Amino acid sequence: MRGFIKFLLDLSLWSLAAPLAMVLRLEGLPPQYKEPALIYTLLGVPLKALLIALFGLHRQAWSRVGVRDLLRLGLAVGLGGVLLLSVTLLLNPYLPIPRSVPIISSVLAFLLLGGMRLGVRLYWESKRGRGIRGRRVLVVGAGEAGSMLAREMLRHPEAGLYPVGFLDDDPNKRGQTIAGIRVMGSLDDLPRVAQALEVEEVLVAMPSAPGAVVRKVVNLARAVGVRYRILPGIYEILSGRVEISQIREVRLEDLLRREPVRLNLEEIAGYLEGRVVLVTGAGGSIGSELVRQVARFHPERVVLLGRGENSLFLLEKELEADWPELRYKVVVANVQDRDRLRHIFQLHRPQVVFHAAAHKHVPLMEANPDEAILNNVWGTQNVVELCLEFGVERLVNISTDKAVNPTSVMGASKRVAEQVVAWGALRAGPDQVFVSVRFGNVLGSRGSVVPLFMEQIKRGGPVTVTHPEMRRYFMTIPEAAQLVLQAGGIGENGRVYILNMGESVKILDLAKDLIRLAGLEPYRDIDIVFTGVRPGEKLFEELLTAEEGTEASRHEKIWVARNAQLPPDFPHLLEELYRIARQGDGLKVRKMLKRLIPSYRPEGVPAGEGAG
């Protein structure tokens, strides 16, 4: 019913434009033109009714009309004007209508129909905001996201936000007005502008801004005592629209964020679509995110393999809710059990394998080196051997920056696991690709430093930092998973891929940022204490060994480590490593790792020992 009323209103106003155009063109309506004007108006009615229906003008939501709606209206009215001009030229001997009338009529019709729509929108927006006083908001970033955000706030005053100004470092935008709101200066002007405009809140509308910029805005806002929030990254906004409901508090990821990793979707879809994909360690932080990312590319089936039944159960429930169309199978298994793995490979015949199962806690693996070897190295070899046996097309092994010049058993075990994958790549068939992916610490993953700090802050402190100079590379869980997918798509057999993670971050600065994001002040509200470097830990992590060097890949955010030579008699050394690990002799395990990795620097093993 509402659509029919809109149809009649549009048709009436558009039809009214014809006699109005005659009156304007002729400065009145002389008697000899009254009958032609009536005929011309009636001739246009069926044509205009048809165009309204074809362009769906009566289905537009007038209370939320936008530029695209007005463009569609303009196309319909313009086409109608062209057709009516043709009619007047053809019938000119019988219907003396000035040729300019269809043009004037089209302009009037656009103004009448467009004005009606904008009037309805303004009415509803003023009605929604009546009696509501919004917080005065300063928008940082006058780009596409910022302008959309400001318009959303003006359109939805019931959200309680009122934009009073923009800040942007682009000098070309200074002094400009966007949606009636002026760009007041650069980011450095935030304290001055906030005071002059009596700003109550700062909204950061730069979804892909680097961490240094977000950190700067946060510090300036804190300095003047103004609340701050941020718009999510564009990759987080699946709808592609910026809405007030998507504004959230600034999180640590925002302070550390670089340009988001952009995927080559065609390259990834080429090896995932319609394939059976096996993910080991599927219940872990990286493994579960891999499953979520893989689901986007329409695999034939995903096999979720892990040994933690609770985490697998939770992932299964998530997939049921978020990916109901995904075909998957949950398998509880240990990668150390080769017979069990062989049965799984025989049953499911995976074509792509992501190997994320591993022990990753440095101090725990220092205390249990035998388990680090049997799980991280022996388990990887089991996966590699079965991938070779069953002709798996792609194997992507998840590694870590701790594998570079390792000082820990965990890091050394992951470096040997890289060697195992490289050894498998040498034996791979022409259609097989075996690669490793190396990245730094993952924000928010289980056991990482961020959840630990947040828990310590929640308890009132102190926050424990091992050393004031300790630095780490950080990335988000989605970035890590996307890198793994992209590396598998590049498809150069035997390679080790590395994410360009920008600058490393000082853990002490990270702790201070987390305390401030909780609305507290370091050393005043929450104390920070230094506990000392734990066994196996380094002050600085590296991404490449000196002998590896780096090469460019087809992906701008991914480096390629040059292939390092495997130690002589590598298979024999592996078997010896497993034999020693099964005996549970930690010192001998470290000596054996030293033989496999000359750059390994363990505590308790003299520099020259084990290098023979």
Side-chain angles (χ1 to χ4, degrees), residues 261 263-265 267-273 275-282 284-297 299 301-306 335 341 344-345 348 350-358 360 376-377 379-388 390-401 403 414-429 431-440 442 475 477-499 553-555 557-561 563:
V261 173
L263 302 181
N264 184 329
L265 300 181
E267 197 169 58
I268 295 172
Y271 81 95
L272 288 180
E273 192 170 349
R275 302 296 203 280
V276 178
V277 180
L278 169 67
V279 180
T280 72
S285 305
I286 298 298
S288 59
E289 182 64 23
L290 275 172
V291 172
R292 296 181 193 102
Q293 299 279 355
V294 167
R296 299 163 50 197
F297 295 96
R301 185 168 66 258
V302 181
V303 181
L304 318 178
L305 188 150
V335 292
L341 280 183
I344 293 165
F345 272 71
H348 297 286
Q351 296 154 292
V352 180
V353 173
F354 294 102
H355 179 46
K360 62 181 182 180
N376 293 1
V377 184
T380 299
Q381 185 171 349
N382 287 338
V383 173
V384 168
E385 298 288 354
L386 290 169
C387 286
L388 289 169
F390 288 90
V392 169
E393 297 171 10
R394 306 273 171 129
L395 166 62
V396 183
N397 170 54
I398 314 302
S399 191
T400 169
D401 56 1
K414 294 297 286 181
R415 181 64 184 282
V416 178
E418 288 182 4
Q419 294 176 335
V420 169
V421 174
W423 181 43
L426 294 175
R427 296 174 287 153
D431 297 325
Q432 291 182 291
V433 173
F434 290 17
V435 299
S436 292
V437 180
R438 191 186 289 169
F439 46 73
V442 179
M475 61 192 306
I477 292 176
E479 277 186 319
Q482 290 168 13
L483 168 67
V484 172
L485 295 187
Q486 188 68 68
I490 293 174
E492 297 179 22
N493 191 35
R495 295 291 201 172
V496 175
Y497 294 105
I498 304 151
L499 176 67
S553 76
R554 296 198 302 272
H555 194 281
K557 292 292 184 180
I558 298 177
W559 299 328
V560 185
N563 290 344

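What you see is a predicted model; the values in this text were computed from it and never measured. We count residues from 1, following the sequence as given.
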*Asks:* Test side-chain contact (heavy atoms from CB on, under 4.5 Å) on Val335 and Val383 and set out the steps.
*Replies:* CA-CA 7 Å; Val335 292; Val383 173; 4.3 Å; yes

*Asks:* Please tell me if the side chains of Leu278 and Leu305 come closer than 4.5 Å, counting only heavy atoms from C-beta onward.
*Replies:* yes

*Asks:* Go through the structure and list residues passing salt bridge (Lys or Arg N to Asp or Glu O under 4.0 Å) with Arg301, not counting sequence neighbours.
*Replies:* none

*Asks:* Have a look at Val392 and tell me which of Val353, Leu386, Val384 forms a side chain to side chain contact (heavy atoms under 4.5 Å, CB included) with it.
*Replies:* Val353

*Asks:* How far apart are the C-alpha atoms of Arg427 and Glu385, what are their side-chain angles, what is the distance that settles it, and do they pass the salt bridge (charged side-chain N to carboxylate O under 4.0 Å, His left out) test?
*Replies:* CA-CA 10 Å; Arg427 296 174 287 153; Glu385 298 288 354; 3.4 Å; yes

*Asks:* Ala357 and Gly281: which non-hydrogen atoms are nearest, and at how many Å?
*Replies:* CB-N, 3.6 Å

*Asks:* Would Trp423 and Gln381 count as a side-chain contact (heavy atoms from CB on, under 4.5 Å) here? Give the steps.
*Replies:* CA-CA 10 Å; Trp423 181 43; Gln381 185 171 349; 3.7 Å; yes

*Asks:* Is Asn493 close to Val435 at the side-chain level, that is, under 4.5 Å between some pair of heavy atoms?
*Replies:*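 A side-chain contact is absent here, since even the closest heavy-atom pair is not under 4.5 Å.
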
*Asks:* Just jot down the side chain to side chain contact (heavy atoms under 4.5 Å, CB included) partners of Val294, sequence neighbours excluded, or say none.
*Replies:*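 Applying side chain to side chain contact (heavy atoms under 4.5 Å, CB included) to Val294 gives Leu272, Val277, Pro299, Val302, Phe354, Leu485.
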
*Asks:* Write down the atom of Ala356, the atom of Thr280, and the distance for their closest heavy-atom approach.
*Replies:*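 Answer, listing the atom of Ala356 first, then Thr280: N-OG1, 3.0 Å.
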
*Asks:* Testing Thr400, Thr380, Asn397 one by one against Ser436 for a side-chain hydrogen bond (donor to acceptor under 3.5 Å, both in side chains), which residue passes?
*Replies:* Asn397

*Asks:* Would you sort out whether Ser288 and Arg292 count as a side-chain contact (heavy atoms from CB on, under 4.5 Å), showing the intermediate values?
*Replies:* CA-CA 6 Å; Ser288 59; Arg292 296 181 193 102; 3.5 Å; yes

*Asks:* Which heavy atom of Asn376 sits nearest to which heavy atom of Ala358, and what is that distance?
*Replies:*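 Reported closest heavy-atom pair: OD1-CA, 3.4 Å.
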
*Asks:* Which heavy atom of Gln432 sits nearest a heavy atom of Cys387, and at what distance?
*Replies:*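 Nearest heavy atoms, Gln432 then Cys387: NE2-O, 3.2 Å.
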
*Asks:* Counting C-beta onward and ignoring hydrogens, is there a side-chain heavy-atom pair between Arg438 and Lys414 closer than 4.5 Å?
*Replies:* no

*Asks:* If I compare all heavy atoms of Arg275 with all of Tyr271, which pair ends up nearest, and what's the gap?
*Replies:*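 Residues Arg275 and Tyr271, closest heavy atoms: CG-O, 3.2 Å.
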
*Asks:* Using side-chain contact (heavy atoms from CB on, under 4.5 Å), reason through Val279 and Val303 one step at a time and then give a plain yes or no.
*Replies:* CA-CA 6 Å; Val279 180; Val303 181; over 6 Å; no

*Asks:* Nearest 0.5 Å, please: how far is NE2 in His355 from CG in Asn382?
*Replies:*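 Output value for this atom pair is 9.0 Å.
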
*Asks:* Going by the salt bridge (charged side-chain N to carboxylate O under 4.0 Å, His left out) test, which pairs reach into residues 480-491, not counting sequence neighbours?
*Replies:*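 Passing the test, one end in residues 480-491: no pairs.
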
